[in-house]
Enquirer: 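The structure's right below; bear with me while I get my questions together.
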Amino acid sequence: MDRKKAQRGPVFWVSAVAILLLVIWGAVVPESFASVANSVYSFTTNAFGWFYLLSVVFFVLFCIYLALSKYGKIRLGKDGERPEYPFFTWIGMLFSAGFGVGLVFWGVAEPMTHFANPPAGFGVEGETEQAAKLAMRYSFFHWGVHQWSVFTVVGLVMAYFQYRKDRKSLISETISTGTQAKRKKSWRGLINILAVIATVMGVATSLGFGILQINGGLNYMYDLPQNSTIQIVITALLLVLYMTSSTTGLNKGIKYLSNLNLALALGLMLFVLFLGPTVFILESFTVAAGGYIQKFIEMSFYMTPYEGGTWVKDWTVFYWAWVIAWSPFIGSFVARVSRGRSIREMIFGVLIVPPFIAMVWIAVFGGAAFHLDLFQGTAIADAVNEDVTSALFVTLEEFPLTTILSSLSIFLICIFLVTSADSATFVLGMMTSDGDLNPSLFSKLVWGTLIAAISAVLIISSGLQGLQTASLVSALPFTVILIIMCVNLFKSVRQDVKSYEVQKERNLLNKLQSTSNKQKTKISRQSNDDTHHM
């Protein structure tokens with residue numbers, strides 16, 4: 001116990017107090033909190049939207065370069081170390097990482113929102129076939145390679161320094177190493193604090209989305225009111241559930257719940273695929289995938305400085321900030337399951353499997369909603385415009401067994417939230433106890449409570465806007481840290497390859513020298529034999 005207490009140093013207390021102060025501010029004077037949040041949101045999107053876009057493009061290019069270069073052969077472990085998990089088990093783990101409450105929330109809501117209100121600058125009228133194509137393409141873009149390049153970068157850098165360089169599982173250990181780390185001890189603490197705050201805000205954003213969706217579903221199905229009281233009750237129940245799960249450890253609670261939510265998610269998706277407009281969904285997926293590949297570069301740099309408008313800032317910039325804030329959590333998971341794989345294997349695996357899953361999910365649910373509105377005269381887009389949290393439930397109402405499917409969806413969202421928050425409390429406990437892989441229950445309890453509290457405060461004070469602001473602001477300094485992590489990784493892998501090449505050259509010279517010495521010895525013996533015969 002004393003050792004655990006000793007590990008809860010400045011990183012734990014400073015980051016915990018910072019989050020607690022935000023909670024108190026939002027709870028005591030929510031109007032002031034909301035006003036400042038709105039101002040900060042506007043300033044951040046206007047001043048740094050371009051920075052988020054360029055940063056994520058950099059992460060995509062960095063991943064592709066590393067995978068295709070000579071550095072791609074380097075192992076995330078010692079030379080000769082083999083992968084900890086078999087290939088298909090590893091793919092299955094990436095598969096589970098690809099699903100999440102954010103995807104359940106936005107799987108219908110995003111494409112239908114773009115369908116009703118297409119991005120400015122494309123000259124597309126809402127609720128038309130062209131609007132549907134554009135909406136699906138941009139939904140693929142937001143949940144595709146760009147998003148997962150951020151998780152790949154964090155996972156790759158953490159796995160490399162942890163398993164190859166024997167560093168602790170801390171963000172600061174990827175920034176400075178060796179004597180440099182000793183000279184910059186205070187900076188390391190600040191970096192870890194920023195990483196913790198970004199992670200809390202990213203997890204709180206996802207938790208908040210899930211709480212709003214649960215409340216929206218209960219309202220749609222059972223006329224339960226949508227208000228702060230119900231949302232606080234849902235938050236409290238989720239807190240009890242995920243803290244109970246966290247006490248059972250990683251190999252029990254999280255493991256069983258993860259398997260259950262994957263089975264439910266796949267079952268729900270297959271039900272909609274085969275009982276819905278199957279051919280239309282598959283054709284929509286094909287068209288959207290082609291458009292996504294064709295317009296990949298254009299969408300990566302798309303902004304509207306001449307036309308004005310806030311669409312890019314409200315969607316693309318928010319998404320990139322959200323995933324950057326969420327990245328220490330997902331990156332830690334990706335790093336943990338990828339030990340022993342080469343850099344090339346890990347990059348291609350993470351950049352292909354989870355984005356493909358997300359695209360299929362969006363094509364199934366978004367495609368079904370498009371077909372209903374375009375060809376069957378429903379008004380799902382209008383319902384989503386009025387209440388984005390009802391998107392999934394409005395769509396499921398058009399299918400058989402509506403009550404059962406909607407109830408299962410609410411249950412699925414709850415399980416996703418429990419597993420995500422449970423895992424996050426573990427990761428935050430580890431990050432604030434000097435990388436301890438078995439953080440104390442007290443640490444997990446503190447972070448679990450603070451995540452729930454900040455999520456509730458953000459929802460009550462400013463709703464979706466507050467959740468978006470939290471991710472945007474917390475992700476800004478962490479984006480700079482991610483870029484430094486990439487630079488440091490590149491320096492280290494280049495030194496690895498250089499050392500390997502020098503050693504290889506030295507071995508070759510030693511081999512040649514040994515061969516030369518053998519030849520000299522042989523010639524000398526022959527000369528002695530000739531002299532002896534004379």
Side-chain angles (χ1 to χ4, degrees), residues 34-57 101-103 105-127 131-132 134-144 146-147 150 201-202 204-206 208-210 212-213 216 295 298-326 358 362 366 381-391 458-459 461-476 479:
S35 176
V36 172
N38 291 336
S39 299
V40 172
Y41 178 82
S42 299
F43 171 75
T44 307
T45 54
N46 289 328
F48 296 102
W50 61 271
F51 177 64
Y52 282 117
L53 260 65
L54 291 181
S55 296
V56 174
V57 169
V101 70
L103 190 58
F105 185 95
W106 292 112
V108 177
E110 181 174 354
M112 292 309 289
T113 302
H114 300 335
F115 174 62
N117 305 288
F122 288 93
V124 175
E125 186 180 345
E127 300 190 28
L134 184 63
M136 191 69 81
R137 189 178 83 208
Y138 255 101
S139 298
F140 279 20
F141 171 66
H142 287 148
W143 291 89
H146 287 72
Q147 180 180 135
V150 180
M201 292 303 184
T205 300
S206 291
F209 283 145
L212 289 175
Q213 192 175 26
K295 300 288 186 178
E298 179 184 331
M299 291 188 292
S300 300
F301 294 95
Y302 180 69
M303 298 193 80
T304 55
Y306 304 108
E307 300 91 339
T310 62
W311 190 91
V312 174
K313 297 167 187 174
D314 292 340
W315 287 98
T316 307
V317 172
F318 159 65
Y319 268 127
W320 294 175
W322 181 22
V323 299
I324 288 169
W326 184 254
I362 291 168
D382 295 335
V384 173
N385 248 347
E386 290 180 14
D387 180 10
V388 71
T389 65
S390 68
L458 290 168
I459 291 171
S461 63
S462 45
L464 285 172
Q465 184 85 4
L467 295 171
Q468 291 174 325
T469 302
S471 289
L472 271 170
V473 177
S474 63
L476 188 57
T479 306

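It should be emphasised that the depicted structure is a prediction, and the values quoted were computed from it without experimental measurement.
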Enquirer: Taking side chain as C-beta onward, heavy atoms only, is Asn117 less than 4.5 Å from Trp311?
Expert: no
Enquirer: Step by step, work out the side chain to side chain contact (heavy atoms under 4.5 Å, CB included) result for Ile362 and Leu103.
Expert: CA-CA 8 Å; Ile362 291 168; Leu103 190 58; 4.1 Å; yes
Enquirer: State, to 0.1 Å, how close Leu134 and Pro119 come at their nearest heavy-atom pair, and which atoms those are.
Expert: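 Between these two residues, the closest heavy atoms are CD2-CD, 3.5 Å.
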Enquirer: Scan Trp320, Tyr302, Tyr319 and name whichever one has a ring-ring contact (aromatic ring centres under 6.0 Å, His included) with Phe141.
Expert: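 Among Trp320, Tyr302, Tyr319, the one meeting ring-ring contact (aromatic ring centres under 6.0 Å, His included) with Phe141 is Trp320.
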Enquirer: Rounded to the nearest 0.5 Å, how far apart are CZ of Phe48 and CG of Leu54?
Expert: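 If we round to the nearest 0.5 Å, Phe48:CZ and Leu54:CG are 13.0 Å apart.
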Enquirer: Could you measure the distance from the CD1 atom of Ile459 to the OG1 atom of Thr205? Nearest 0.5 Å is fine.
Expert: 10.0 Å
Enquirer: Give, for atom CD of Glu298 and atom CZ of Arg137, the distance between the pair rounded to the nearest 0.5 Å.
Expert: 6.5 Å
Enquirer: Do Phe51 and Ser55 come close enough that some side-chain heavy atom pair is under 4.5 Å?
Expert: yes
Enquirer: Taking all non-hydrogen atoms of both residues into account, name the closest pair between Ala475 and Ala325 and its distance.
Expert: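 What the structure gives for the nearest pair is CB-N, 4.0 Å.
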Enquirer: Between Met303 and Val312, what is the shortest heavy-atom contact and its length?
Expert: CA-CG2, 4.1 Å
Enquirer: Taking atom CG of Leu212 and atom CG of Asp387, what is their separation to the nearest 0.5 Å?
Expert: 9.0 Å
Enquirer: Pick one: which of Trp106, Tyr52, Tyr138 meets ring-ring contact (aromatic ring centres under 6.0 Å, His included) with Trp315?
Expert: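 So, applying the ring-ring contact (aromatic ring centres under 6.0 Å, His included) to Trp315 and each of Trp106, Tyr52, Tyr138, only Trp106 qualifies.
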Enquirer: Please step through side chain to side chain contact (heavy atoms under 4.5 Å, CB included) for the pair Lys313 and Phe318, ending with a clear verdict.
Expert: CA-CA 6 Å; Lys313 297 167 187 174; Phe318 159 65; over 6 Å; no
Enquirer: Indicate the atoms forming the closest heavy-atom contact of Ser300 with His146, along with that distance.
Expert: OG-NE2, 2.7 Å
Enquirer: Is any side-chain heavy atom of Trp322 closer than 4.5 Å to one of Ser206?
Expert: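 Contact flag for Ser206/Trp322 side chains = yes.
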Enquirer: If you look at every heavy atom in Thr45 and Ser42, which pair is closest and at what distance?
Expert: OG1-O, 3.1 Å
Enquirer: Quick check: closest heavy atoms across Thr316 and Leu53, and the distance to 0.1 Å?
Expert: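 Taking every non-hydrogen atom into account, CG2-CD1, 4.0 Å.
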Enquirer: Hey, are the side chains of Pro118 and Glu125 touching, using non-hydrogen atoms and a 4.5 Å cut-off?
Expert: no
Enquirer: Using the rule given for side chain to side chain contact (heavy atoms under 4.5 Å, CB included), can you reason through Phe209 versus Val101, listing the C-alpha separation, both sets of side-chain angles and the distance that settles it, and then say yes or no?
Expert: CA-CA 8 Å; Phe209 283 145; Val101 70; 5.7 Å; no
Enquirer: Please say whether more than 12 non-hydrogen atoms of neighbouring residues, nucleotides or ligands are located less than 6.0 Å from CZ in Phe43.
Expert: no
Enquirer: Measuring from Met201:CE to Leu458:CG, what's the distance to the nearest 0.5 Å?
Expert: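 Interatomic distance, Met201 CE to Leu458 CG, rounded to 0.5 Å: 6.5 Å.
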Enquirer: Does one side chain, of His142 or Gln147, offer a donor that lies under 3.5 Å from an acceptor on the other?
Expert: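 There is no such pair between these side chains.
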Enquirer: If you measure from CZ on Phe115 to CD on Glu110, what distance do you get to the nearest 0.5 Å?
Expert: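 Going from the CZ atom of Phe115 to the CD atom of Glu110 covers 14.5 Å.
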